Amino acid sequence: MTAYWLMKSEPDEVSVDDALAAPKSTVPWTGVRNYQARNFMRDGMRVGDGVLFYHSSCAEPGIVGIARVASTPYPDPTQFDRKSPYYDAAAKREEPRWMLVDVQVVEKTRNLTLPELRSTPELADMLVLKKGNRLSITPVEPAHWKKIVRLLGAKAA
DNA sequence: GCCAACGTTGGC
DNA sequence: GCCAACGTTGGC
């Protein structure tokens, strides 16, 4: 049973173009330091799950690509890297605190912007649109996924 | 830069 | 376990 997810990335950090330019169009989803979001990656995701690649904290926030979960969960290496902004002194190698998955971009799309998402009645219940939502990873209902893929005219199903 | 909303921390 | 203070997210 394939599940669907929305994953936010700041394009200044990793944009959909950056991901496309990476080997196999695949990037490790580093830097998540929120337990709920971590748990989605660690416990909820399966290889092949659908991902909506979302740009946040930028001029035009929105969904900019279709991707897929491309690995099983493994420890986020940046938690052990003293020079990384994501370094976590409390994380031990024997007992990693932060887990991530690899994400592979399947298709770059147009930007389905936040205002457009908000103005689409069928998408009103999306978690990412809820007031005050700050979660960088949210599950996506199959019906919402289908609607968005249709709005994007994306090939990926 | 502002600020609402939320998560985390730490004293008690 | 409560809750105030603080830090972060993220749209605008």
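Everything quoted here is computed from the prediction, not taken from an experiment.
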- [ ] Compute the ring centroids of A/Trp98 and A/Tyr35, then answer whether they are less than 6.0 Å apart.
- [x] yes
Do the side chains of [Y] and [X] get nearer than 4.5 Å, heavy atoms only?
X: A/Met99; Y: A/Asp76; answer: no
X: A/His55; Y: A/Pro61; answer: no
X: A/Tyr4; Y: A/Pro142; answer: yes

TODO: Identify the two heavy atoms, one from A/Thr78 and one from A/Ser84, that lie closest to each other, and give their separation to 0.1 Å.
DONE: CB-OG, 3.5 Å
Open item on the list: Output one letter per nucleotide in nucleotides 2-12 of chain C: B when a protein non-hydrogen atom lies under 4.0 Å from the base, S when only the sugar-phosphate is that close, - when neither is.
Closed with: -----BBBBSS
